Q: 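One structure is given below, represented as structure tokens, and several questions about it will come after.
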Amino acid sequence: MLKYSQAKMAEELGVSFATINRWENGNNSPSKTIFPVLPAHLHQDQTLLLLH
């Protein structure tokens, strides 16, 4: 389990805290410009992220 807060992730990705919250709650998805950088931040393979 990663120890990332929503605020920390938002700061590193250059998005708002509310945006991260919407992603986590399934109300929205990362944009095509953000999605490619998520695996590095989450230490996950991009394919695994697509499956969730």
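Nothing fancy with the numbering, it's 1 onward along the sequence. Bear in mind the structure is a predicted one, so any value in this text is a computation, not a measurement.
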Q: According to salt bridge (Lys or Arg N to Asp or Glu O under 4.0 Å), does anything in residues 27-41 pair up with another residue at least two apart or in another chain? List the pairs.
A: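 Passing the test, one end in residues 27-41: no pairs.
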
Q: In chain order, what residues pass the side chain to side chain contact (heavy atoms under 4.5 Å, CB included) check against Ser31, with sequence neighbours excluded?
A: Thr33, Ile34

Q: Working to the nearest 0.5 Å, report the span between OG of Ser16 and CZ of Arg22.
A: 5.5 Å

Q: Using the side chain to side chain contact (heavy atoms under 4.5 Å, CB included) criterion, which residues pair with Gln6? Sequence neighbours excluded.
A: Phe17, Ile20, Asn21, Glu24

